[in-house]
Amino acid sequence: MHNIKFIRENSELFDNEMKKRKIEGISKIILDLDNKLRSFKTKSQVLQNKRNLVSKKIGQLIRESKNVSTLQEEVKNYKNSLINLEVSIKKTNLELDKILINLPNLLDNEVPIGFSEKDNKLIKTWGKKPSFEFSPKDHVTIGEKFNQMDFKVGAKLSGTRFVLLKNEMALLERALTSFMIDINVLEFGHLEVSPPYLVNSEALIGTGQLPKFADDLFKTESDKWLIPTAEVPLTNIVRNEILDEDKLPIKLVSHTPCFRSEAGAAGKDTRGMIRQHQFSKVEMVSIVKPDESNQELLRLTKCAEKILQKLKLPYRVVILCSEDTGFSSSKTFDIEVWLPGQQNGKGEFREISSCSNCKDFQSRRMNARFRDKETKQLSFVHTLNGSCLAVGRTMIAIIENYQQSDGSVIVPDVLQKYMYGKKVIFLDQNENF
RNA sequence: GGAGAGGUGGCCGAGUGGUUUAAGGCGCACGCUUGGAAAGCGUGUAUAGUAGCAAUACUAUCGAGGGUUCGAAUCCCUCUCUCUCCGCCA
């Protein structure tokens, strides 16, 4: 949510910034409504003041047993005007809010202007792509060959874009989760949180998924929504709070399933586990003071990279261009992992983490502030989030990068202690039902 | 799911229609006092918005939203959360 005062004082700058998001000339519409609203408010407040004064007088006169009918008539007249004004105020307010709540965040100056993911800017590349003496398979071929990844049963139970993992695949998911959380807690110093997976609309408005992106979410019949990411509950922890400066920064990590309807992705990534309605993710959220958020975004990105480095999975980091940067984000680094089994064995980089600095965009929607210890001033906190990592896609990356000619998969060193000491998985396809 | 009791400032807590401009206390900040501290005394201590260059004034907010009234923390309705008991349940 944007600061209306900022728009008033920087309307031209604001329009230029919104243009990067393909929104043209919006400030005039906003400011016209704003002017209208303020004039209604001023009029209303003058009348309210008069009403309050006369009502008080009536109280005094009644105590003195004097006649008050003339004054009562007078107040009734104010009341009629007030009712009309209140209707106008509400209507104008709704119109203004509807516009503001649907406007995306301002982009950071470092965000490249672009029109597709081709315009994302490469920041760095890490690791060496594995070379195979055979044509590398994708995770579906391997997972189904060993009967550990069952899309048929997934579809039977729930429909398309659901999967059932068996045996070592289920273990791998659990192992990865534990490994990622352990590093987050022990090395990064993040506080582990286990949040609700169902949230109310207010929470989703706070982080920016609502009202604009309702189609991407699953809604229950009791007006609760399944979380599309742990970012939603974790960030909303500070909604409507005034935090002591001492409490900041708050650095959280959480493992949750994520639920997405993938409404806009019909026909896209239909093969395999890359794009599912339900997937597991370890998510980091930071609540920081404004002058710390740039640094914190770099730190979060490094945290996610560190996991990939420990797993020895090759990746690259890109900064998203204007078109690709999410609604709530001012600047986003995506980490893309190398998946050698994709494109019929040619391989491709696919997003495995997304780290965003939302600055004060979410905190304004949530009304999340902190009090400066020295000046006692209130300011909006900055909020950041990043995956560390998407567990499903990490499984894919391990299978495809660590596969051997017989289809078995080497377990990365750091995971072995989480996998009953196994060094290789997918050796026997007859173990499973 | 059923029955009941509740939600008042940073915290405790008074307040059942008009001297409430939310009493009183605690905490916190500053000042006086002191060799220093404590105690004592005094002053101050919410958020948002509107008008104004500003000092300041005004408006709204007593869980949320409606309603009644000249006037609502107080009366009515809806919702929500907390607590107690019962039922069900991992």
Side-chain angles (χ1 to χ4, degrees), chain A residues 1-9 30-101 194-206 210-211 219-225 233 236-248 257 360-381:
Chain A
M1 184 80 110
H2 295 285
N3 183 359
I4 189 83
K5 276 185 193 156
F6 177 85
I7 303 177
R8 263 180 228 155
E9 288 156 17
I30 292 171
L31 293 181
D32 283 352
L33 284 169
D34 180 48
N35 283 328
K36 221 163 113 184
L37 184 62
R38 281 150 75 197
S39 101
F40 288 143
K41 272 189 183 169
T42 309
K43 282 179 197 156
S44 167
Q45 288 180 4
V46 169
L47 280 172
Q48 286 180 83
N49 179 229
K50 282 186 186 171
R51 180 198 62 191
N52 291 347
L53 290 174
V54 177
S55 290
K56 206 165 283 177
K57 189 102 185 267
I58 291 173
Q60 277 172 21
L61 292 176
I62 285 175
R63 250 173 278 117
E64 295 162 15
S65 311
K66 289 184 178 152
N67 188 318
V68 293
S69 53
T70 329
L71 288 178
Q72 281 183 340
E73 279 305 311
E74 188 185 339
V75 181
K76 269 186 189 163
N77 289 334
Y78 295 148
K79 214 178 147 184
N80 287 331
S81 317
L82 270 171
I83 286 170
N84 288 332
L85 276 170
E86 257 169 50
V87 170
S88 306
I89 287 171
K90 259 187 196 165
K91 196 174 150 243
T92 314
N93 226 338
L94 274 175
E95 278 179 64
L96 187 57
D97 274 352
K98 196 177 167 190
I99 293 171
L100 290 175
I101 206 95
S194 175
Y197 303 157
L198 286 170
V199 294
N200 56 30
S201 306
E202 285 81 3
L204 287 155
I205 290 168
L210 288 181
K219 189 182 188 183
T220 68
E221 292 198 344
S222 54
D223 271 342
K224 305 258 189 296
W225 307 70
N236 275 281
I237 290 172
V238 297
R239 186 167 102 239
N240 285 325
E241 295 289 332
I242 295 174
L243 301 161
D244 286 339
E245 190 183 345
D246 309 350
K247 292 251 173 80
L248 300 175
D360 64 352
F361 184 79
Q362 293 179 325
S363 61
R364 285 182 184 280
R365 295 168 81 97
M366 294 190 299
N367 196 26
R369 295 166 294 173
F370 75 100
R371 192 182 295 281
D372 186 296
K373 230 178 170 181
E374 297 287 307
T375 66
K376 307 282 180 202
Q377 290 290 306
L378 288 174
S379 319
F380 289 100
V381 296

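Lettering follows sequence order; numbering is per chain, from 1.
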Legend entry - side-chain N/O A:Arg369 vs B:A48 OP1/OP2, d < 4.0 Å: yes

Legend entry - Protein-nucleotide distance (A:Ile58, atom CD1; B:G17, atom P), rounded to Å: 18 Å

Inset, instruction - Give a yes/no answer on whether the side chain of A:Arg38 brings an N or O atom under 4.0 Å of OP1 or OP2 in B:G49. - result: no

Legend entry - Minimum-distance nucleotide to A:Gln72 side chain [options: B:A48, B:U21, B:C70]: B:C70

Legend entry - Counter-base of B:U45, judged by Watson-Crick or G-U geometry with both distances under 3.5 Å: B:G27

Legend entry - Atom-to-atom span, CZ of A:Phe40 to C1' of B:G49 - whole angstrom: 17 Å

Inset, instruction - Give the rounded distance in Å between these two atoms: CD1 of A:Ile83 and C1' of B:G66. - result: 13 Å

Legend entry - Pairwise distance CD(A:Glu202) to CG(A:Leu210) - rounded to 0.5 angstrom: 9.5 Å

Inset, instruction - Let me know the distance between CD of A:Gln377 and P of B:A48, rounded to the nearest Å. - result: 9 Å

Inset, instruction - State whether the side chain of A:Ser363 and the backbone N or O of A:Val381 hold a donor-acceptor pair below 3.5 Å, judged by distance alone. - result: yes

Legend entry - Whole-Å C1' distance, B:C53 and B:A14: 43 Å

Inset, instruction - Scan every strand shown for a Watson-Crick or G-U wobble partner of B:C88, both distances under 3.5 Å, and answer none if you come up empty. - result: none

Inset, instruction - Nearest whole angstrom, please: distance from the P of B:U47 to the CD of A:Glu241. - result: 15 Å

Inset, instruction - Might you work through the salt bridge (Lys or Arg N to Asp or Glu O under 4.0 Å) test for A:Arg38 and A:Asp34, ending with a clear yes or no? - result: CA-CA 6 Å; A:Arg38 281 150 75 197; A:Asp34 180 48; 3.1 Å; yes

Inset, instruction - Quote, to the nearest angstrom, the C1' distance that separates B:C75 from B:U16. - result: 9 Å

Inset, instruction - Would you indicate, yes or no, if B:U19 has its OP1 or OP2 atom less than 4.0 angstrom from a side-chain nitrogen or oxygen of A:Lys57? - result: no

Inset, instruction - Check whether any side-chain N or O of A:Arg371 sits under 4.0 Å from OP1 or OP2 of B:A46, and answer yes or no. - result: no

Inset, instruction - Would you give the length of the straight line joining atom NZ of A:Lys43 to atom CG of A:Leu85, rounded to the nearest 0.5 angstrom? - result: 7.0 Å

Inset, instruction - Searching all strands shown, indicate the nucleotide that pairs with B:A14 (Watson-Crick or G-U wobble; both distances under 3.5 Å). - result: none

Legend entry - Between NZ on residue A:Lys90 and CG on residue A:Asn93, distance to nearest 0.5 Å: 10.0 Å

Inset, instruction - Could you please name the partner base of B:A55, counting Watson-Crick and G-U wobble pairs only when both distances are under 3.5 Å? - result: none

Inset, instruction - Tell me the partner of B:C75, counting only Watson-Crick (N1-N3 plus N6-O4 or O6-N4) or G-U wobble (N1-O2 and O6-N3) with both under 3.5 Å; none if nothing fits. - result: B:G67

Legend entry - Donor-acceptor pair, side chain of A:Asn236 and main chain of A:Ala203, under 3.5 angstrom: yes

Inset, instruction - Look at the side-chain N and O atoms of A:Arg8 and state whether any lies under 4.0 Å from the OP1 or OP2 oxygen of B:U50. - result: yes

Nucleotide N/O to protein N/O under 3.5 Å, stretch nucleotides 53-58 of chain B:
| residue | atom | partner | partner atom | Å |
| --- | --- | --- | --- | --- |
| B:C58 | O3' | A:Asn49 | ND2 | 2.8 |

Legend entry - B:A22 - base-pair partner by Watson-Crick or wobble geometry, distances under 3.5 Å: none

Legend entry - Rounded distance in Å - CG (A:Asn240) to P (B:G63): 15 Å

Legend entry - Distance (rounded to the nearest 0.5 Å) between A:Gln72 CD and A:Lys79 NZ: 11.5 Å

Inset, instruction - Measure the CD1-CG distance between A:Ile89 and A:Leu82 for me, rounded to the nearest 0.5 Å. - result: 8.5 Å

Legend entry - d(CD, A:Gln60; P, B:G17) in whole Å: 19 Å

Inset, instruction - Check whether any side-chain nitrogen or oxygen of A:Arg51 sits under 4.0 Å from OP1 or OP2 of B:A60, and answer yes or no. - result: yes

Legend entry - Assigned partner base of B:C32, Watson-Crick or wobble definition, under 3.5 Å: B:G40

Inset, instruction - Using both distances under 3.5 Å as the test, list the Watson-Crick or G-U wobble partner of B:G4, or none. - result: B:C83

Inset, instruction - Counting heavy atoms from C-beta on, name the nucleotide in B:A51, B:U47, B:G71 closest to the side chain of A:Lys79. - result: B:G71

Legend entry - Separation of B:G71 C1' from A:Leu47 CG (nearest whole Å): 16 Å

Legend entry - NZ (A:Lys219) with more than 12 external heavy atoms under 6.0 Å: yes

